[in-house]
Structure formats: structure tokens, C-alpha cells
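I have a structure here, written as C-alpha cells, and I will follow up with some questions on it.
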Amino acid sequence: MSLAPLASLTALADLNGLRAVVTGGASGIGLATARLLAARGATVAVLDLHPGDVEEPLLGFTADVSDDVSVRAAVDAAVDALGGLDILVNNAGIGAAGTVEDNDDAQWHRVLDVNVLGIVRTTRAALPHLRASGRAAIVNTCSIAATAGLPQRALYSASKGAVLSLTLAMAADHIGEGIRVNCVNPGTVDTPWVGRLLGAAADPAAERAALQARQPHGRLVSADEVAAAVAYLASPLAGSTTGTALAVDGGMAGLRLRPGAR
Ligand code: NAD
């Protein structure tokens with residue numbers, strides 16, 4: 001299966017005139033998303049712990065989604081710079097490994113604080129602006145971990161399960177205000193995050209091969225493929241789509257292949 005031809009997607013101008021904020025937009029899925037939204041016509045602000053490397057035309061703002069004061073200040077500054085807000089991509093997130101026995105209370109609080117409450121804080125700050133848009137969309141980065149039992153991911157999966165449920169509840173609460181809310185559920189994506197995981201493995205090549213084999217299409221998902229799904233859900237082209245979780249996982253959630261059948 002060939003990669004999505006990004007050039008053909010960037011020829012779309014469906015986001016012309018729209019203003020977007022992407023959290024965690026300085027790396028991986030968030031950076032690919034910010035670049036694609038901009039290529040399709042949006043003006044884009046990136047909120048990140050380390051926005052320093054974000055290149056033009058993206059606007060970078062320092063924010064820690066686990067700190068309400070920081071989030072409110074960054075959202076206000078971004079909305080000022082953009083002149084309003086139509087699209088919020090809640091993408092910032094952190095990982096955790098282990099079974100339910102392996103993470104202490106501080107780790108549970110930290111991951112839930114960033115992955116779940118980070119969405120709450122950013123959305124809370126953004127909603128007054130999104131209500132004024134008329135074409136508003138929120139896209140949350142969830143995970144295959146919300147819908148499938150993965151080994152050694154108890155805490156991370158619990159956080160993404162909460163993101164999935166929060167997405168549905170938010171979609172119900174805000175549909176009457178003209179705000180659509182959806183999420184993407186990526187499989188294992190080839191980002192710096194996964195690079196760090198592989199780098200820490202005893203045998204990185206074997207670990208990469210195992211992660212590739214777990215996905216029915218036989219490779220890792222690319223950040224650009226997740227970005228394309230986010231951009232679709234964020235676009236007015238998806239104006240009748242709300243309360244959905246779009247899998248971008250090479251078939252991992254939905255397919256049951258016979259062993260060796262691919
Ligand atoms: P990444 O580490 O490459 O990028 C994450 C970005 O988020 C970084 O720029 C980081 O600085 C920022 N960030 C982290 N904590 C933050 C905080 N408290 N406040 C603001 N910014 C913060 O990771 P990625 O692989 O691109 O992951 C992005 C999202 O995708 C996460 O929500 C992750 O759970 C999700 N996801 C990743 C994969 C994967 O395989 N890579 C799969 C499914 C879901």
C-alpha cells in the first residue's frame with residue numbers, strides 16, 4: 001500500500017480563511033497536522049512546551065496543557081494573533097508503559113492531567129472563540145489504545161479511553177452551538193515519540209518489526225496520514241460529521257486476518 005500523496009491533499013484550499021490552534025504542534029503528528037492545515041489555507045498557531053523550532057508560516061506559542069494559567073494565556077495570545085478561532089486540534093499527549101501495577105499515583109495523575117485535563121483546559125479556553133466561528137471544529141488525538149487492549153499500556157489506555165468518551169460528550173454538548181467534535185485513533189505512528197521508544201528497547205530493530213507486524217498493513221502509520229484524517233475532520237467538507245472516532249491504524253482495530261494472510 002503506497003503512502004497518501006500529500007501533494008494532492010495540499011492542492012485542496014478547503015481551509016482558506018480559517019484559523020486553527022494545534023496543541024503539541026511542534027513535533028510528530030501535531031507538526032504534520034499544523035503544516036497540512038496551513039498548506040490547505042488555514043492560519044495556524046502551535047501551542048507547545050517547546051514551540052521554538054516551529055517554522056513560518058506557523059505561529060509558535062509556549063504552553064503547558066497541564067497548567068490552566070499557561071493554557072489561557074497561550075490561547076488568548078494565539079486568538080489575538082489569528083484574529084479568531086475556527087479549529088482546535090487537541091493533540092498534546094504523553095505516554096506511559098506498564099501494567100496496572102507498575103505506575104505510581106503521581107504517574108497516574110501526571111498522564112491523566114496532560115492527556116485528559118489538557119483537552120479540558122484548552123477546550124474551555126477556546127470555546128468562547130469557537131462559538132463565534134460558525135464553522136467550528138474540534139479534533140482530539142485519541143488512540144487505538146482506547147478501543148483495543150494493548151499490553152503494558154494500562155495508564156496510557158485509560159487516558160485515551162477517557163479522551164474517546166470526552167469527545168462524544170463534547171460533541172453532544174456543543175452541536176447546538178455549531179461546533180463539531182471528533183477524534184482520530186491512530187495506530188503506531190512513526191514519530192519522534194515512537195523513535196524514543198524504539199531507542200530504549202533492548203533490540204530496536206526487533207521492536208520495530210513487531211510493531212509493524214501488529215498492524216495489518218504491515219508498516220507504521222505516517223504522521224502525514226494522521227494529519228490528513230485530522231484535516232478532513234476539521235474541514236467544513238466534513239460538516240455533517242460529529243461524534244466520531246476515525247481509525248488511522250492500518251486496519252488494526254477493525255480487521256481479523258488469518259495468520260500470514262496479508
Ligand atoms: P511527539 O512526542 O512527537 O509530540 C508530542 C508533542 O506534544 C511534543 O512537541 C511535546 O513537546 C508536546 N507536549 C507534550 N506535553 C505537553 C504539554 N504538557 N503541554 C504542551 N505540549 C506538550 O508525539 P506524537 O507521537 O506526535 O504524539 C502526539 C499525540 O498523538 C499524543 O496525544 C499521542 O498520545 C497520540 N498518539 C501517538 C501515537 C504514536 O504512535 N506516535 C499513536 C496514537 C496516538
Side-chain angles (χ1 to χ4, degrees), residues 21-36 45-55 58 60-75 78 88-97 109-123 125 139-148 150 152-153 155-164 166-167 183-200 207-208 210-212 214-215 219-227 229-230 245-250 252-253:
V21 161
V22 181
T23 69
S27 173
I29 292 168
L31 180 58
T33 298
R35 286 176 172 155
L36 183 59
V46 158
L47 271 53
D48 202 290
L49 285 175
H50 311 291
D53 296 339
V54 165
E55 80 277 20
L58 307 178
F61 295 87
T62 302
D64 177 353
V65 299
S66 69
D67 175 352
D68 196 49
V69 173
S70 160
V71 168
R72 285 187 184 280
V75 168
L88 171 63
V89 181
N90 284 309
N91 168 79
I94 56 175
H109 285 298
R110 176 70 190 152
V111 173
L112 294 172
D113 198 18
V114 173
N115 291 6
V116 185
L117 282 141
I119 294 179
V120 174
R121 292 185 188 97
T122 313
T123 304
V139 185
N140 299 325
T141 306
C142 189
S143 171
I144 176 78
T147 60
L150 305 181
Q152 296 290 326
R153 290 291 180 274
L155 165 51
Y156 180 71
S157 300
S159 78
K160 292 299 185 178
V163 171
L164 177 59
L166 179 60
T167 300
C183 67
V184 290
N185 286 6
T188 305
V189 188
D190 205 353
T191 67
W193 168 328
V194 168
R196 290 190 295 273
L197 280 177
L198 293 176
E207 183 66 12
R208 174 176 278 271
L211 291 174
Q212 289 173 330
R214 190 166 70 171
Q215 303 192 138
R219 61 172 174 83
L220 300 187
V221 175
S222 76
D224 285 339
E225 290 170 321
V226 182
V230 174
L246 178 52
V248 191
D249 61 4
M252 193 174 163

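Order of listing sets the numbers, starting from 1, for every ligand and every atom in it. Position 1 is the first residue of the sequence; numbering continues from there.
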Is there a nitrogen or oxygen of Thr188 sitting under 3.5 Å from a nitrogen or oxygen of ligand 1? no
Judging by distance only, is a nitrogen or oxygen of Val65 under 3.5 angstrom from one on ligand 1? yes
re atom 35 (C) of ligand 1, the protein heavy-atom contact at minimum distance is Thr141 CG2, 3.5 Å
One finds that the ligand 1 atoms under 4.0 Å from a non-hydrogen atom of Gly28 are 3 (O), 26 (O)
For Asp113, is there any backbone N or O sitting under 3.5 Å from a side-chain donor or acceptor partner on Ser66? no
Under 3.5 Å between some N or O of ligand 1 and some N or O of Ser143? no
The one among Val194, Asn91, Val111, Ile29 that brings a heavy atom closest to atom 29 (C) of ligand 1: Asn91
Is ligand 1 under 4.0 Å from a heavy atom in the side chain of Cys142, in the backbone, in both, or in neither? backbone
Checking Gln215 side chain against Thr188 main chain: does a donor-acceptor pair fall under 3.5 Å? yes
Under a 4.0 angstrom heavy-atom cut-off, which atoms of ligand 1 come close to Ala92? 21 (N), 22 (C), 32 (O)
Pick from Ala63, Pro186, Ala74, Gly118: the one approaching atom 43 (C) of ligand 1 most closely through a non-hydrogen atom: Pro186
What's the shortest distance from atom 18 (N) of ligand 1 to any protein heavy atom, and which residue and atom give it? Asp64 OD1, 3.0 Å
The test is side chain to side chain contact (heavy atoms under 4.5 Å, CB included); show your working for Leu112 and Ser159 and say whether it passes. CA-CA 6 Å; Leu112 294 172; Ser159 78; 3.8 Å; yes
Measure from atom 10 (C) of ligand 1 to every heavy atom in Leu49, Thr191, Val89, Asp48 and give the option owning the shortest one. Asp48
Which is closest to atom 14 (C) of ligand 1 by heavy-atom distance: Gly93, Gly24, Pro51, Ala26? Gly93
Distance check, rounded to the nearest 0.5 Å: Leu166 atom CG versus Lys160 atom NZ? 11.0 Å
Kindly compute the distance separating CG (Asn115) from OG1 (Thr141), expressed to the nearest 0.5 Å. 10.0 Å
Identify, for atom 42 (C) of ligand 1, the protein heavy atom at the shortest distance, and state residue, atom and that distance. Gly187 O, 3.0 Å
Give me the residue, atom name and distance of the protein heavy atom closest to atom 40 (O) of ligand 1. Val189 N, 2.8 Å
Please check if the side chain of Asn185 supplies one atom and the backbone of Cys142 the other of a donor-acceptor pair under 3.5 Å. no
Apply the side chain to side chain contact (heavy atoms under 4.5 Å, CB included) test between Leu47 and each candidate in Val71, Val22, Val75; give the one that qualifies. Val75
Looking only at distances, please establish whether an N/O atom of ligand 1 is found under 3.5 Å from an N/O atom of Tyr156. yes
Looking only at protein heavy atoms, which one is nearest to atom 2 (O) of ligand 1, and what is the separation? Arg196 NH2, 2.8 Å
Nearest protein heavy atom to atom 3 (O) of ligand 1, by residue and atom, and its distance? Ser27 OG, 2.7 Å
Ignoring hydrogens, what is the shortest heavy-atom contact between Gly95 and Val111? Give both atom names and the distance. O-CG2, 4.0 Å
Please report the C-alpha distance between Asp64 and Arg121 in whole Å, then the side-chain angles of each, then the deciding distance to 0.1 Å, and finally whether the salt bridge (charged side-chain N to carboxylate O under 4.0 Å, His left out) criterion is met. CA-CA 10 Å; Asp64 177 353; Arg121 292 185 188 97; over 6 Å; no
Test side chain to side chain contact (heavy atoms under 4.5 Å, CB included) applied to Leu164 and Cys183, step by step: CA-CA 7 Å; Leu164 177 59; Cys183 67; 3.9 Å; yes
Among all protein heavy atoms in this structure, tell me which lies nearest to atom 23 (O) of ligand 1, with the distance rounded to 0.1 Å. Trp193 CE3, 3.1 Å
Provide the closest heavy-atom pair for Arg153 versus Leu197 in the form atom of the first, atom of the second, distance. NH2-CD1, 4.0 Å
